[in-house]
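Each remark here refers to the structure printed beneath this line.
Start at 1 with the first residue, then count along the sequence. Below, all heavy atoms of this structure are taken into account, side chains as well, without hydrogens, waters or symmetry copies. Because the structure is predicted, anything quoted here is derived from the model rather than measured.
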Amino acid sequence: MTLRTHTFTPARLGRYTLSNRLVMSPMTRSRAKQDGTPGELTAEYYAQRASVGLIVAEGTQPSDDGQGYLTTPGIYTAAHIAGWKNVTTAVHDKGGRIFIQLMHVGRMSHPDNTPHHRQAVAPSAIAPVSQMFTATGMQDIPVPRALSTEDIRQTVADFRYAARAAIDAGADGVEIHGANGYLLQQFFAPNANTRTDQYGGSIENRARFAIEVAKAIAEEIGADRTAMRLSPGSTLGGIDEGTNGPDLYRYLVVELDKLGLAYIHVIHNGDDQLMADLRARWKQALILNRPGRPRDQIGADVASGLADLEAYGQMVLANPDFVVRLKSGAPMNTADRAAFFGGTAQGYTDYPALVATAA
């Protein structure tokens with residue numbers, strides 16, 4: 001088989017059989033309404049891209065505390081559920097599958113950006129030493145409040161509630177965001193987590209919160225509709241996982257595998273040995289994302305067996321007919337970086353498809 005032939009074969013993922021092995025990566029677009037409800041443009045945006053095997057929708061906060069950025073969507077109110085229902089229905093009407101990514105940003109927030117305007121929460125009271133865009137411009141991210149053990153229990157419950165809300169909204173499943181410097185990865189990193197209780201110190205303790213979240217969601221909606229995204233070695237948000245970071249992921253993946261989750265979604269940051277070790281430890285579907293991967297390498301990780309599916313971001317963002325273009329060898333649209341975050345239909349739903357281009 002050629003790389004592309006592998007890419008276009010069906011794939012089993014949890015309780016679903018997907019039409020191909022291409023995944024739309026979750027990408028923050030900051031186009032929700034002020035209350036966090038996705039609008040009609042969001043439904044159109046995802047429906048346009050429903051030909052990929054799986055859409056993983058943008059990071060979606062499970063609570064007021066979980067929001068970090070302006071106009072990101074939530075999935076914990078009746079209005080949120082109704083808005084997402086329009087999105088999932090539009091995707092399903094096009095024959096697609098969609099998981100909603102649950103993203104709690106932890107310390108990567110600013111009170112001006114959240115509904116309750118409260119201090120952010122994190123494993124420990126350590127600021128990320130970076131800035132956050134707010135309605136009044138860039139501001140320093142303030143020191144977060146350290147979560148108490150009761151707060152942690154409530155945060156796990158928030159994730160569980162949001163997962164049920166996502167299913168009520170018609171999502172096929174949820175992906176827990178354990179990557180990119182957000183709350184779960186903050187627990188992993190010794191420079192963000194200096195706790196001395198059961199959530200800090202050892203590898204097992206620093207992985208505990210992520211495992212508790214995964215267990216709670218799997219119990220609520222089924223393990224075969226539950227997944228997690230990981231980014232081993234990522235330094236986004238000032239994260240430093242330390243010398244035993246790779247061993248934490250080896251341990252974590254084994255524990256998640258015991259739960260029988262639908263998939264893990266791994267961002268490959270260059271550690272080939274760790275990636276091979278994770279593949280060997282994981283029995284379910286594995287989605288791999290290599291940032292910046294060139295078009296001529298699409299399908300290589302599926303062909304080699306390192307991954308079951310491959311995730312792509314900007315190429316899917318800029319090409320609603322990504323699958324058709326890939327199959328035909330047609331040129332790809334270029335993503336408009338200035339329109340990534342916030343705005344209108346421009347750079348969101350107005351990218352031309354091949355048929356429109358030809359016409």
Discussion item. Hydrophobic clustering (ILVMFWY, side-chain heavy atoms < 4.5 Å, transitive) - are L252 and V156 grouped together?
Written reply: yes

Practice prompt. To the nearest 0.5 Å, tell me how far M24 CE sits from R49 CZ.
Written response: 5.5 Å

Discussion item. Please give me the minimum heavy-atom distance between P142 and P111, naming the atom from each residue.
Written reply: CG-CD, 3.8 Å

Practice prompt. From the options L256, D224, L261, D257, select the one residue that forms a side-chain contact (heavy atoms from CB on, under 4.5 Å) with Q284.
Written response: D257

Worksheet item: Checking N205 side chain against G200 main chain: does a donor-acceptor pair fall under 3.5 Å?
Response: yes

Discussion item. Let's go through D35 and K33 carefully: what are the C-alpha distance in whole Å and the side-chain angles of both, what is the deciding distance for salt bridge (Lys or Arg N to Asp or Glu O under 4.0 Å) to 0.1 Å, and is it a yes or a no?
Written reply: CA-CA 5 Å; D35 70 347; K33 299 175 184 178; over 6 Å; no

Item to complete: Considering non-hydrogen atoms only, spot the tightest contact between S109 and T114 and give its length.
Response: OG-CG2, 3.6 Å

Fill in: Passing option when L230 is tested against I176, L278, V253, I267 for side-chain contact (heavy atoms from CB on, under 4.5 Å)
V253

Item to complete: Decide, yes or no, whether a salt bridge links R29 with E58 under the criterion of side-chain N to carboxylate O below 4.0 Å.
Response: no

Practice prompt. Say whether Y249 and F187 are linked into one hydrophobic cluster, either directly or through other cluster members, by side-chain heavy-atom distances under 4.5 angstrom.
Written response: yes

Item to complete: Evaluate the side-chain contact (heavy atoms from CB on, under 4.5 Å) criterion for residues F159 and V174: first the C-alpha distance (whole Å), next the side-chain angles of each, then the deciding distance (0.1 Å), finally the verdict.
Response: CA-CA 10 Å; F159 271 101; V174 301; over 6 Å; no

Practice prompt. Report yes or no: do S124 and R195 form a side-chain donor-acceptor pair below 3.5 Å?
Written response: no

Worksheet item: Do the side chain of N113 and the main chain of G68 share a donor and acceptor less than 3.5 angstrom apart?
Response: yes

Fill in: Backbone of D336 reached by a side-chain donor or acceptor of Y351 within 3.5 Å
yes

Worksheet item: Taking all atoms of both residues into account, what is the closest heavy-atom pair of A43 and A90, and its distance?
Response: O-CB, 3.8 Å

Worksheet item: Are Q186 and P128 side-chain neighbours, meaning at least one heavy-atom pair lies under 4.5 Å?
Response: no

Item to complete: Report the C-alpha distance between R21 and H6 in whole Å, list the side-chain angles of each, state the deciding distance to 0.1 Å, and finish with yes or no for side-chain contact (heavy atoms from CB on, under 4.5 Å).
Response: CA-CA 8 Å; R21 296 171 184 267; H6 276 287; 5.7 Å; no

Discussion item. Applying a strict under-4.5 Å side-chain criterion to I, L, V, M, F, W and Y, I'd like to know whether L18 and V23 cluster together.
Written reply: yes

Fill in: SB check K258 E255 (cutoff 4.0 Å)
yes

Discussion item. Is the ring pair Y348/Y45 parallel, tilted or perpendicular, if the boundaries are 30 and 60 degrees?
Written reply: parallel

Fill in: Joint hydrophobic cluster, Y182 plus F133, side-chain heavy atoms closer than 4.5 Å
no

Worksheet item: Would Y16 and M228 show up in the same hydrophobic cluster when neighbours are defined by side-chain heavy atoms closer than 4.5 Å?
Response: no

Worksheet item: Parallel, tilted or perpendicular for Y263 and F99, by the 30°/60° rule?
Response: tilted

Worksheet item: If you measure from CG on L306 to CE on M275, what distance do you get to the nearest 0.5 Å?
Response: 5.0 Å

Practice prompt. Output, in order, the C-alpha distance, side-chain angles, deciding distance and verdict of side-chain contact (heavy atoms from CB on, under 4.5 Å) for Y76 and D64.
Written response: CA-CA 9 Å; Y76 56 96; D64 287 354; 2.5 Å; yes

Worksheet item: Should H104 and T155 count as side-chain neighbours, where that means a heavy-atom distance under 4.5 Å?
Response: yes

Fill in: Qualifying residue, where the test is side-chain hydrogen bond (donor to acceptor under 3.5 Å, both in side chains) with Q185 and the options are E241, H177, R206
E241

Discussion item. One pair to check against side-chain contact (heavy atoms from CB on, under 4.5 Å): D112 and M132. What are the steps and the verdict?
Written reply: CA-CA 10 Å; D112 287 0; M132 173 65 64; over 6 Å; no

Fill in: Gap separating the CD1 atom of I152 from the CD atom of E212, nearest 0.5 angstrom
7.5 Å

Worksheet, complete the sentence: One should read off an interatomic distance between T7 OG1 and K327 NZ, to the nearest 0.5 angstrom, of 10.5 Å

Item to complete: Would you name the heavy atoms of T226 and A214 that are closest together and state the gap between them?
Response: CG2-O, 4.2 Å

Worksheet item: Any side-chain heavy-atom pair from P352 and N333 closer than 4.5 angstrom?
Response: yes

Response to the item:
Here the pair of heavy atoms bringing G238 nearest to N191 is O-ND2, 2.8 Å

Worksheet item: Looking only at side chains, do Q61 and T72 share a donor and an acceptor under 3.5 Å apart?
Response: yes

Worksheet item: Does CD in Q346 sit with more than 12 non-hydrogen atoms of other residues, nucleotides or ligands closer than 6.0 Å?
Response: no

Worksheet item: Which atom pair, heavy atoms only, marks the closest approach of L183 to P123?
Response: CD1-CD, 4.0 Å

Item to complete: With the side chain counted from C-beta on, respond yes when R293 and D301 share a heavy-atom pair under 4.5 Å apart, and no when they do not.
Response: yes

Practice prompt. Answer yes or no: is there a donor N or O on one side and an acceptor on the other, between the side chain of D151 and the main chain of S148, under 3.5 Å?
Written response: yes

Practice prompt. Spell out, as yes or no, whether a donor-acceptor pair under 3.5 Å connects the side chain of R31 to the backbone of T344.
Written response: yes

Discussion item. Does any part of the side chain of D172, heavy atoms only, come nearer than 4.5 Å to the side chain of L54, both counted from C-beta?
Written reply: no

Worksheet entry | Contact check, side chains of W84 and V87, non-hydrogen atoms, under 4.5 Å | yes

Worksheet entry | Main-chain N/O of P190 paired with N193 side-chain donor or acceptor, under 3.5 Å | no

Discussion item. Working to the nearest 0.5 angstrom, can you tell me the gap between N269 CG and L236 CG?
Written reply: 8.0 Å

Worksheet item: Are R208 and I211 close enough that some pair of their side-chain heavy atoms sits under 4.5 Å apart?
Response: no

Worksheet item: Just by modelled atom types, is the D321 backbone N or O under 3.5 Å from a matching donor or acceptor in the N319 side chain?
Response: no

Item to complete: I would like to know whether R153 and E150 meet salt bridge (Lys or Arg N to Asp or Glu O under 4.0 Å); could you show each step before the answer?
Response: CA-CA 5 Å; R153 283 192 289 271; E150 178 55 37; 2.9 Å; yes

Worksheet item: Distance from I239 atom CD1 to S231 atom OG, nearest 0.5 Å?
Response: 9.0 Å

Worksheet entry | Test item: L326 and Y312 side chains (from C-beta on) under 4.5 Å apart, heavy atoms | no

Worksheet item: Under 3.5 Å, is there a donor-acceptor pair between the side chain of E175 and the main chain of R229?
Response: no

Fill in: Check: T88 side chain, A169 main-chain N or O, donor-acceptor pair, under 3.5 Å
yes

Item to complete: Would you mind telling me which of D308, I264, V266, L309 makes a side-chain contact (heavy atoms from CB on, under 4.5 Å) with I287?
Response: L309

